Each structure stands twice: as C-alpha cells, then as structure tokens.
Colleague: 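Would you mind keeping the following structure in view while I ask a few things?
Sequence lines set the chain letters: A, B, ... in the order given, protein chains first and strands last, and positions in each chain run from 1. Since we're looking at a predicted model, the values are computed, not measured.
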Amino acid sequence: MNETRVRYAPSPTGDPHIGNLRSAIFNWLFAKKENGKFILRIEDTDQSRIVKNGIEKQQEALLWLGMQWDELYIQSERKSIYAKYSQKLIEEDKAYRCYATEEELDELRQKQKSEKKITRYDGRYRDYDKEKSLSRSKKEPYVIRFKSPQNGETQCFDKIRGGITFNNKELDDFVIIKSDGFPTYHFANVVDDHLMKISHVMRAEEWLPSLPKHVNIYNALGWEMPTFVHLPMILAPDKTKLSKRHGATSVQDFIDQGYIKPAMFNFLVLLGWAFDDKTEQFTINELKNIFDINKISKSPAIFNKEKLDWFNGKYIREINTNELAKEISIFFENSIEPNNFNIISSYDFKKIANMVKERSKTLNDSLILSEFLFKKPKFESKEEIITMCESDDQCKLVLEKSFKLLSDTKDFSISNLQNKLKKLMDDLNLKPKQVLGTLRIVITNQKISPPIFDCLNILEKEESLIRIQTAIDYL
RNA sequence: GGCCCCAUCGUCUAACGGUUAGGACAUCACCCUCUCAAGGUGGGAAUACGGAUUCGAAUUCCGUUGGGGUCACCA
C-alpha cells in the first residue's frame, strides 16, 4: 500500500479563511488517521496578489489549532519545474504558445457575449505554425495553453460523489503558463501533486468544475491520478459563499472574538462530517483515530454561529482552570488598555477563570464579566442603588449592616460569604434580591455580573468594603 | 445563460430498502435563581414535488422545482 500523503495548499493572499481551515483540518486528520504525511504547499504563483507575511499567517493559523505540517513547499521557488513540464507538453504538441493580447481576448469575449455565445478562448493559436511560434517566442511575450480534447468526454472520479462525466466540447484551451512565466493553478497543482506523490487531493467543492482540466493534464503527462475528494462548501446563513460581508471569516477574527481552539476545531470538523447519530464532542486526539473520509457529506453546510457559541461555552466550562486562565490572560492583554490590564493582572487569573467560566460563551464574555475588577462603580443617581430595595432607608440599612458584617469577617471564601450573607438576610427578614441584589450593584454596577459571592471573594475584603462605603457615602 | 454538484426539523446532521425518521444547536414552557448564565424536565419542528422499481422507498432510477458552485494570464 502506498503511503497516504495529503496536502493543504493555500495561497498567501490574505488572512486565512475559516473555510480553508476546515479543509486543512480534514486533510490533517486524514493524514493522522492513516499515519500518512500532511504537506503544506504555498500556492503563490500570482505575484500580484501576494500579501506581506502571507505565508506566516497561513502557518500560524494551522499552528493555532495544533496542526503541524510534515513538509513545506513554496511554488514560486519551483518555477523551473513547471517550465520544464510545459516545455515537454509543447514538444509533444499537447500545448502551445499563444500570442493573443489581453485586449484581443477582451474583444473576443465581448463579441461572444453580444452574440450570446459562451465566452471562451477560441483556439486561435492552436494550429499556429510551429516555426513562427518558436521565433516569436524569442522576442514577444506569450502564454502557454493546454490543448484540450475537442471531442468525446472526460471521465472524472470524485471519492464522495462517484463518477462525473464532462463533455469535452465544454473545455477550452486554458492557460498553463502565464506571460510572466509562472504557472496557473491548474498546472502547478497537477505537477506538484504528482511530484509530491499526493495520494488524496482533498479540496473545496468549488474546484469540481475544473476537475476535467486537471484530469486531462494528468493524461497528457501520462501520470497516475490521485484520489479526488471534493469537500462540501461552507455557506453563510444566506446560503451564499461565506465571505467578508457576512462578518467574521478569517481565523484571526475568531481568535479576536474569543473563540478557543478545541471548540473551533470541534465545530469545524462537524461541518460536512459526522461520526454517528449522537456523538458530537471530540478531542483532537479522538478525531485522529475516528476521522473517516467515507463519512464526509455531499451537501454544503451553513455556518451555524449559534452552535459555535455553544461549543465554545461548553469548552470554556470544561477545560481545566489553568488552561482557561492562560487563555483569559492572553485575551485580556490583547483586548484592553495596558493600565486596565495592569490592574486586572493583580488578581489571580485562575480565580477569574473560575468566576466567569460558567457564564462565558466567548473569552470576550469573560472580559465583560470581569470589567468590574478595573472599573469602579460610578453612579449617576441614588435611584440606581436603591432600585432593588423598597426604600432609601431599607437600602441604607442593607449597606450598613453588610459593611459591618463584612468588616467582622476574616474568611472571604465563597462558602463563608454565602453563609454570612444568608444569615444577614434572615436576621433582617429581607429577600435575597434586596440584600444580594443591592450589593451586586454597589460592588459591580454591572447589569450582568458573576454572583456577588464570587465578586466579593475575588475583590477581597479591603476593596469590597471601600466600594460599599463609597455607596453609603453617596446615598 | 452553459456546465457541474447538491436536496431529512430554522441550522449541523444520523439512517447504508423494513425505525413511533434519532441526536445536537436554536426556539418555547416550566423548575432553579442576587443579575446573567449554567443545569434539570417537557413541548413544537424534517424526508421539496411528481412518477417508476419493490411486498415494502428518506434510502434505487427518471423528471420537475429549488439552492449552490463555476465559467480569467485568481487561486
């Protein structure tokens, strides 16, 4: 049996897209499952679209999810290889130089459009004199086009869809080498997949229409074909291709919004793949063993953000405290002003993690819940404070008694605070809302906050008393 | 528009000819409750349509409709 070798082949033209990352996950998991190799190939043959740090961004996205590649190739460094094979095709009369200019081609397309014909290259240099072609190549720019078969059919095979037949009349002589000498995707991808001994080409379904082009190149070069696996598209809720106008689409967007690695990985793997009828939470290690390309679905999947949120919240609740504390500290540092981060750093991030984990869907939620740590309550009116009570006097009573109680309390553990304050409620014959609600306002002044016991616990005695006293003074 | 792919609750999906069509997210109701969550219990919700094959079809075949993708010297 041949070794399983798969590749993830992004082009470094922007921020890594979440849909591409899903393709990477499928490839990587399949490689792990089969004890094969996961190859990263940078498809940077369009010099005009290259973005600074494009390669690094792609690598960082993979590493964020813990996907390490076994081999790395960069197409722009392999220019001569593609030239060699294109030359071979010319010599064998399976490709030819085309001298048509952009303007010429535009004109052709316009004409075809106005005549309501299909727009495609008309093969004007297909049978051009070989001597002339060669001599012109010495002084004029040209592209190299592939001589597509004009009759018959091209049989293709996709692992999850089966056989697909294309009528060769639909094909045109597409460009394989551009005038700047770089190969087009269609050509570089075939040459590289062959040379790199790729066993399975797993890529997005949007490539399916160009499969016959690739198949014909394989045939022309006399190469054996890999298994093609076209992955279902990931669509936006409006059922169109997921793009920037739908909001977050790049990997960095999701990191910035506070999504964490295991949730992202788990969520993405379920877009177009399922294990069985009830299991849906998996660790990455489990997936390495159970991932099965035969279970990849055919139909496109809509990106269901609510479910991602749920997964993220679930993982935030379940990962261990140290890990969450680390995620939180990194996220906070990147999200808030240095001054505020300094204040919040004086608290124990593990304590913060425990305080917010039950009620955070994202790390950004964690941040919002923690804001009271560096934002002291500021009141606009007395009403804000007394809203939980029946009267000013009752509110004052609650605050004064609480102040006294907490002053006398040494043990600020959550359980002890619960006991003490419960007793206070009983003694004063007041409802939880009146006592705990009022304290929550005075301590955090947040509509949504962690439970008051957690807040007092993390703030500790001194700061808690200061905040209560401040409110009493204000009343 | 040509070509290609696809079609199970709103969404992600399970089912590999025989199930009361299962699970999850979301949603609704109730419980819990210091806010918000989490958690618990329960409810509603799907095989696009029409033929054919078969004792029997979500499942196979054909058509219709719908959706998506793709038609560059971008990938």
Colleague: Which of the following nucleotides, B:C12, B:C34, B:U70, is nearest to the side chain of A:Glu206?
Modeller: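 Between B:C12, B:C34, B:U70, the one nearest the side chain of A:Glu206 would be B:U70.
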Colleague: Among the nucleotides B:A72, B:C25, B:C5, which one has an atom lying closest to any side-chain atom of A:Arg161?
Modeller: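 Selected nucleotide (nearest to the side chain): B:C5.
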Colleague: Any strand counts, and the cut-off is 3.5 Å on both contacts for Watson-Crick or G-U wobble. Which nucleotide pairs with B:U35?
Modeller: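 Pairing partner: none.
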Colleague: Expressed as a whole number of Å, how far does the C1' atom of B:U64 sit from that of B:U70?
Modeller: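 23 Å, rounded to whole Å.
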Colleague: Between P on B:A24 and CZ on A:Phe282, what's the gap in Å once rounded to a whole number?
Modeller: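 Checked: the CZ to P distance equals 14 Å.
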Colleague: Looking at the side chain of A:Arg49, which of B:C34, B:C74, B:C73 is the nearest nucleotide?
Modeller: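 Shortest atom-to-atom distance from the side chain points to B:C74.
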Colleague: Name the residue closer to the 5' end of RNA chain B, choosing between A:Pro432 and A:Lys307 according to the nucleotide with the nearest heavy atom.
Modeller: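 Result of the comparison: A:Lys307.
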Colleague: Taking atom types as modelled and ignoring hydrogens, do the side chains of A:Tyr315 and A:Asn266 form a donor-acceptor contact shorter than 3.5 angstrom?
Modeller: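 Distance-only check passes for A:Tyr315 and A:Asn266.
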Colleague: Whom does B:C49 pair with, Watson-Crick or G-U wobble, provided both distances fall under 3.5 Å?
Modeller: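 B:C49 is paired with B:G63.
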Colleague: Can you tell me which nucleotide in B:C73, B:G22, B:G23 comes closest to the side chain of A:Glu280?
Modeller: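 Selected nucleotide (nearest to the side chain): B:G23.
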Colleague: Using only side-chain N and O atoms of A:Ser210, determine if any of them is under 4.0 Å from OP1 or OP2 of B:U70.
Modeller: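 A:Ser210 to B:U70 OP1/OP2: no side-chain N or O under 4.0 Å.
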Colleague: Sticking with atom P, work out how far B:U33 lies from B:C25, rounded to a whole angstrom.
Modeller: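 Taking atom P in both B:U33 and B:C25, they lie 24 Å apart.
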Colleague: Is it the case that the side chains of A:Tyr125 and A:Asp173 hold a donor-acceptor pair, with the cut-off being a distance below 3.5 Å and no angle test?
Modeller: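 Per modelled atom types, A:Asp173 and A:Tyr125 side chains form no pair under 3.5 Å.
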Colleague: Under 4.0 Å, counting only non-hydrogen atoms across every strand here, what does A:Arg203 touch: a base, just sugar-phosphate, or nothing?
Modeller: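 No contact.
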Colleague: Please determine if a side-chain N or O atom of A:Lys314 lies less than 4.0 Å away from the OP1 or OP2 oxygen of B:A24.
Modeller: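 Answer no for this pair, as no side-chain N or O of A:Lys314 is under 4.0 Å from OP1 or OP2.
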Colleague: Any donor-acceptor pair under 3.5 Å linking the side-chain atoms of A:Asn168 with those of A:Gln150?
Modeller: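 A:Gln150 vs A:Asn168: no donor-acceptor pair found between side chains.
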Colleague: Once you apply a heavy-atom cut-off of 4.0 Å, does A:Ser48 come out as touching a base, just sugar-phosphate, or nothing?
Modeller: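 Nothing: the residue A:Ser48, judged by heavy atoms under 4.0 Å, touches no strand.
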Colleague: With heavy atoms under 4.0 Å as the rule, sort A:Lys239 into base, sugar-phosphate or nothing.
Modeller: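 A:Lys239: backbone/sugar contact only, no base atoms under 4.0 Å.
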Colleague: Looking across every strand, which nucleic acid part, if any, lies under 4.0 Å from A:Ile164 by heavy atom: base, sugar-phosphate, or nothing?
Modeller: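 It contacts sugar-phosphate atoms only.
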Colleague: Quiz question: going by heavy-atom distance under 3.5 Å, is there a donor-acceptor pair between the base of B:C6 and the side chain of A:Ser299?
Modeller: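 No such pair is found, so the answer is no.
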Colleague: Considering only the P atoms, how many Å lie between B:A26 and B:A21, rounded to the nearest integer?
Modeller: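 One P to the other, the span is 26 Å.
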Colleague: Taking only the side-chain nitrogens and oxygens of A:Ser297, find out if one of them lies under 4.0 Å from OP1 or OP2 of B:U13.
Modeller: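 So the side chain of A:Ser297 is within the cut-off, an N or O lying under 4.0 Å from OP1 or OP2 of B:U13.
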Colleague: For A:Arg359 and B:U35, is the shortest distance between a side-chain N/O and OP1 or OP2 below 4.0 Å?
Modeller: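 Checking B:U35 against A:Arg359, no side-chain N or O comes under 4.0 Å of OP1 or OP2.
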Colleague: Roughly how far apart, to the nearest Å, are B:U13 and B:U47 at atom C1'?
Modeller: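 13 Å, rounded to whole Å.
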Colleague: Under 3.5 Å, is there a donor-acceptor pair linking the side chains of A:Asn20 and A:Tyr8?
Modeller: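 Not at all, the side chains of A:Asn20 and A:Tyr8 share no donor-acceptor pair under 3.5 Å.
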Colleague: Using only heavy-atom distances, determine whether the side chains of A:Thr362 and A:Asn364 contain a donor-acceptor pair under 3.5 Å.
Modeller: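 Per modelled atom types, A:Thr362 and A:Asn364 side chains form no pair under 3.5 Å.
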Colleague: Is there a donor-acceptor contact under 3.5 Å linking the side chains of A:Arg203 and A:His230?
Modeller: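 A donor-acceptor contact under 3.5 Å links the two side chains.
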Colleague: From the set B:U13, B:C34, B:C5, return the single nucleotide nearest to any side-chain atom of A:Ala274.
Modeller: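 Looking only at side-chain atoms, A:Ala274 lies closest to B:U13.
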Colleague: Only pairs with both distances under 3.5 Å count, Watson-Crick or wobble alike; so what is the partner of B:G44 in this structure?
Modeller: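 By the stated definition (distances under 3.5 Å), nothing pairs with B:G44.
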Colleague: Which nucleotide wins on minimum distance to the side chain of A:Val143, given the candidates B:C6, B:C73, B:U70?
Modeller: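 Nucleotide nearest to A:Val143's side chain: B:C73.
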Colleague: Work out how far the P atom of B:A75 is from that of B:C12, and round it to whole angstrom.
Modeller: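 These two P atoms come out 31 Å apart once rounded.
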Colleague: Base, sugar-phosphate, or nothing: which does A:Ser179 touch, judged by heavy atoms less than 4.0 Å apart?
Modeller: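 Counting heavy atoms under 4.0 Å across all strands, the contact made by A:Ser179 includes a base.
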Colleague: To the nearest Å, how far apart are A:Asp173 CG and B:C71 C1'?
Modeller: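 After rounding, the reported distance stands at 15 Å.
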Colleague: Over all strands shown, is A:Ala100 touching base, sugar-phosphate only, or nothing at heavy-atom distances under 4.0 angstrom?
Modeller: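 Base contact.
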Colleague: Write down the distance between CZ (A:Phe166) and P (B:U70), rounded to a whole number of angstrom.
Modeller: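 In whole Å, B:U70 P and A:Phe166 CZ are 14 Å from each other.
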Colleague: Rounding to a whole Å, what distance do you find between A:Trp273:CH2 and B:U13:P?
Modeller: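 Interatomic distance, CH2 of A:Trp273 to P of B:U13: 12 Å.
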Colleague: If the cut-off is 4.0 Å, is A:Lys213 near the phosphate of B:U70, judged by side-chain N/O to OP1 or OP2?
Modeller: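 Checking A:Lys213 against B:U70: no side-chain N or O falls below 4.0 Å of OP1 or OP2.
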Colleague: Contact class for A:Lys431 (heavy atom, under 4.0 Å): base, sugar-phosphate, or nothing?
Modeller: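 Nothing, no heavy atom under 4.0 Å.
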Colleague: Can you label the angle between the A:His214 ring and the A:His186 ring as parallel, tilted or perpendicular, going by 30° and 60°?
Modeller: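 Rings of A:His214 and A:His186: tilted, 30 to 60°.
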Colleague: According to the Watson-Crick and G-U wobble definitions, with both distances under 3.5 Å, which nucleotide is paired to B:U20?
Modeller: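 The answer is none; no pair meets the criterion.
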Colleague: Between B:U53 and B:U65, how many Å separate the two P atoms, rounded to a whole number?
Modeller: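 So the two P atoms sit 23 Å from each other.
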Colleague: So does A:Ala325 get a backbone contact from the side chain of A:Lys350, meaning a donor-acceptor N/O pair under 3.5 Å?
Modeller: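 No; judged by distance alone, with no hydrogens or angles, the pair does not exist.
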Colleague: Among B:C4, B:U35, B:A72, which is the nearest nucleotide to the side chain of A:Leu208?
Modeller: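 Of B:C4, B:U35, B:A72, B:C4 is nearest to the side chain of A:Leu208.
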Colleague: For the backbone of A:Ser76 and the side chain of A:Asp44, can you confirm whether one donor and one acceptor N or O come within less than 3.5 Å of each other?
Modeller: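 Checking the backbone N and O of A:Ser76 against the side chain of A:Asp44, a donor-acceptor pair under 3.5 Å is found.
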Colleague: Out of B:C34, B:C3, B:C25, which has the shortest distance to the side chain of A:Lys433?
Modeller: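 Selected nucleotide (nearest to the side chain): B:C34.
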Colleague: What is the separation between atom NZ on A:Lys113 and atom P on B:G1, rounded to the nearest whole Å?
Modeller: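 Value for this atom pair: 15 Å.
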Colleague: Can you figure out which of B:C12, B:A75, B:C34 approaches the side chain of A:Ile302 most closely?
Modeller: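 Comparing B:C12, B:A75, B:C34 against the side chain of A:Ile302, the answer is B:C12.
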Colleague: Please classify the nucleic acid contact of A:Phe453 as base, sugar-phosphate, or nothing, using heavy-atom distances under 4.0 Å.
Modeller: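 The residue A:Phe453 makes base contact.
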Colleague: Should the pair A:Phe275 and A:Trp273 be assigned to parallel (<30°), tilted (30 to 60°) or perpendicular (>60°) ring geometry?
Modeller: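 Because their plane-to-plane angle lies in the 30° to 60° range, the rings of A:Phe275 and A:Trp273 count as tilted.
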Colleague: Atom CG of A:Asp365 and atom P of B:A38: how far apart are they, to the nearest Å?
Modeller: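 Interatomic distance, CG of A:Asp365 to P of B:A38: 11 Å.
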Colleague: With C1' as the reference atom in both, quote the distance from B:U8 to B:C16 in angstrom, rounded to an integer.
Modeller: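 Result for the C1' pair: 15 Å, nearest Å.
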Colleague: Using atom NZ of A:Lys117 as one end and atom P of B:G2 as the other, report the distance to the nearest whole Å.
Modeller: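 Distance, rounded to whole Å: 17 Å.
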Colleague: Please determine if a side-chain N or O atom of A:Arg120 lies less than 4.0 Å away from the OP1 or OP2 oxygen of B:G2.
Modeller: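 Looking at the OP1 and OP2 atoms of B:G2, neither is under 4.0 Å from any side-chain N or O of A:Arg120.
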Colleague: Less than 4.0 angstrom between a side-chain N/O of A:Lys178 and OP1 or OP2 of B:A75, yes or no?
Modeller: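 Yes, A:Lys178 has a side-chain N/O under 4.0 Å of OP1/OP2 on B:A75.
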Colleague: Could you identify the nucleotide paired to B:G2, looking across every strand shown and requiring Watson-Crick or G-U wobble geometry with both distances under 3.5 Å?
Modeller: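 Its partner is B:U70.
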Colleague: Of the candidate nucleotides B:A38, B:C5, B:A75, which contains the atom at the shortest distance from the side chain of A:Glu205?
Modeller: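 Output: B:C5.
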Colleague: So what does A:Gly313 touch, heavy atoms closer than 4.0 Å: a base, only the sugar-phosphate, or nothing?
Modeller: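 It contacts nothing in the nucleic acid.
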Colleague: Look at the side-chain N and O atoms of A:Lys361 and state whether any lies under 4.0 Å from the OP1 or OP2 oxygen of B:A38.
Modeller: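 Yes, because at least one side-chain N or O of A:Lys361 sits under 4.0 Å from OP1 or OP2 of B:A38.
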Colleague: Applying a 3.5 Å limit to both distances, which nucleotide forms a Watson-Crick or G-U wobble pair with B:A14?
Modeller: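 Paired with B:A14, as far as the under-3.5 Å criterion goes, is no nucleotide at all.
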Colleague: Could you pick out which residue, A:Ile160 or A:Met233, lies toward the 5' side of RNA chain B when each is mapped onto its nearest nucleotide?
Modeller: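 It is A:Ile160 whose nearest nucleotide is closer to the 5' end.
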Colleague: Say we look at B:C31 and B:A57: how far apart would their P atoms be, to the nearest angstrom?
Modeller: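 Each nucleotide's P atom is 46 Å from the other's.
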